[in-house]
Amino acid sequence: MDYILVAVFSYIIGSIPSGLILGRLFWHTDLRAHGSRNIGATNAWRTLGKGAGIAVFIADCIKGQAGVLLGLSLPGTPIAAVIGGLFAIIGHSFSLFLRFHGGKGVATSLGVLTILMGNVTFLVFAIWLIIVYKTRYVSLGSVTAAVLTPILAAAFGYPMEYILFAMLASTLVILRHRENINRLIRGTENKI
Ligand code: NKO
């Protein structure tokens with residue numbers, strides 16, 4: 001029962017469309033009508049500038065952290081933390097408030113990782129930065145980081161629950177980037 005409550009509350013927290021809210025509130029812009037039409041930090045940066053990108057990144061990251069912390073408030077196994085994190089990411093990507101549309105789960109996943117696996121967070125973030133800096137394709141950085149996350153989680157010897165979380169989150173993030181991947185292959189992907 002407790003696990004279900006964690007899942008439900010984390011899903012609701014994850015569903016809060018930070019990018020859409022911040023964009024509308026401070027820039028009077030609906031991100032869904034500009035750039036890649038995504039509500040994530042990248043499109044906020046691309047459409048509204050650096051400040052908006054960083055603000056949306058932080059807000060989306062906090063949603064992931066909140067989900068995990070909610071799970072960690074339960075005594076017992078790491079499974080509750082994983083459920084909290086995973087449902088925050090699911091909420092972000094299939095938002096209750098956006099008719100089950102939403103973002104791509106990158107910043108929210110990173111938020112979860114900051115609490116569950118500090119060293120993996122540091123490494124994937126560094127790799128993401130290098131790829132984005134060198135290629136200017138944010139999606140390429142995000143997909144590569146997603147592929148590496150479960151591998152690194154296993155390499156560092158994290159509990160099975162965390163590795164399973166990394167595999168599921170990674171799959172979700174990659175699936176959410178299907179159109180980006182197609183554009184990367186065709187050479188028509190947006191740069192930042
Ligand atoms: O607009 O389709 P777009 O070009 O915006 O956006 C593609 C982009 C969407 O993602 C975002 C969020 C950007 C946050 C940047 C933080 C860096 C994250 C480091 C890696 C995270 C690893 C994910 C782990 C999954 C298990 O991609």
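Every heavy atom of this structure was used, including side-chain atoms; hydrogens, water molecules and symmetry mates were not. Counting starts at 1 for both ligands and their atoms, in listed order.
Atom OH of Tyr162 sits in a crowded spot, with more than 12 heavy atoms from other residues, nucleotides or ligands closer than 6.0 Å. Atom CZ of Phe100 has more than 12 heavy atoms from other residues, nucleotides or ligands within 6.0 Å. By the 6.0 Å contact criterion, OH on Tyr3 is enclosed, its count of non-hydrogen atoms from other residues, nucleotides or ligands being greater than 12. The neighbour count for Phe26 CZ, taken as heavy atoms of other residues, nucleotides or ligands under 6.0 Å away, does not exceed 12.
Scanning the protein for heavy atoms near atom 24 (C) of ligand 1, the closest one is Thr149 OG1, 3.5 Å. Counting protein heavy atoms only, atom 13 (C) of ligand 1 is closest to Thr42 OG1, 3.7 Å. The closest protein non-hydrogen atom to atom 15 (C) of ligand 1 is Trp128 CZ2, 3.3 Å. Ranking the protein heavy atoms by distance from atom 18 (C) of ligand 1 puts Val106 CG1, 3.7 Å first. At the shortest separation from atom 2 (O) of ligand 1 among protein heavy atoms lies Lys104 NZ, 2.6 Å. Closest protein heavy atom to atom 25 (C) of ligand 1: Ser109 CB, 3.8 Å. The closest protein non-hydrogen atom to atom 16 (C) of ligand 1 is Phe57 CE1, 3.3 Å. The single protein non-hydrogen atom nearest to atom 3 (P) of ligand 1 is Ser36 OG, 3.6 Å, given as residue, atom name and distance.
Annotation for ligand 1: atoms under 4.0 Å from non-hydrogen atoms of Ala145 are 20 (C), 22 (C). Annotation for ligand 1: atoms under 4.0 Å from non-hydrogen atoms of Asn43 are 1 (O). Shown in contact with Ser139 at under 4.0 Å from a heavy atom are these atoms of ligand 1, numbered in order with element: 27 (O). For ligand 1 and Ala169, the ligand atoms under 4.0 Å from any heavy atom of the residue are 26 (C). Proximity to Ser142 (heavy-atom distance under 4.0 Å) selects the following atoms of ligand 1: 8 (C), 27 (O). Close approach to Arg46 involves these atoms of ligand 1, each under 4.0 Å from a residue heavy atom: 1 (O), 3 (P), 4 (O). Each of the atoms 5 (O) of ligand 1 lies under 4.0 Å from some heavy atom of Gly40. Those atoms of ligand 1 that come under 4.0 Å of a heavy atom in His177, given as number and element, are 7 (C), 8 (C), 9 (C), 27 (O).
Of the N or O atoms in Asn38, none lie within a sub-3.5 Å distance of an N or O in ligand 1.
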Side chain to side chain contact (heavy atoms under 4.5 Å, CB included) between Tyr158 and Asn119, worked out: CA-CA 11 Å; Tyr158 279 104; Asn119 42 11; 2.6 Å; yes
Test side chain to side chain contact (heavy atoms under 4.5 Å, CB included) applied to Val68 and Thr114, step by step: CA-CA 10 Å; Val68 185; Thr114 58; over 6 Å; no
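Remark: the backbone N or O of Gly105 is not paired with any side-chain donor or acceptor of Thr108 at under 3.5 angstrom.
With a heavy-atom cut-off of 4.0 Å, Asn180 touches ligand 1 through its side chain alone.
A donor atom on one side chain and an acceptor atom on the other are not found under 3.5 Å apart for Thr144 and Trp128.
Contact analysis leaves Arg37 out of contact with ligand 1, as no non-hydrogen atom separation drops below 4.0 angstrom.
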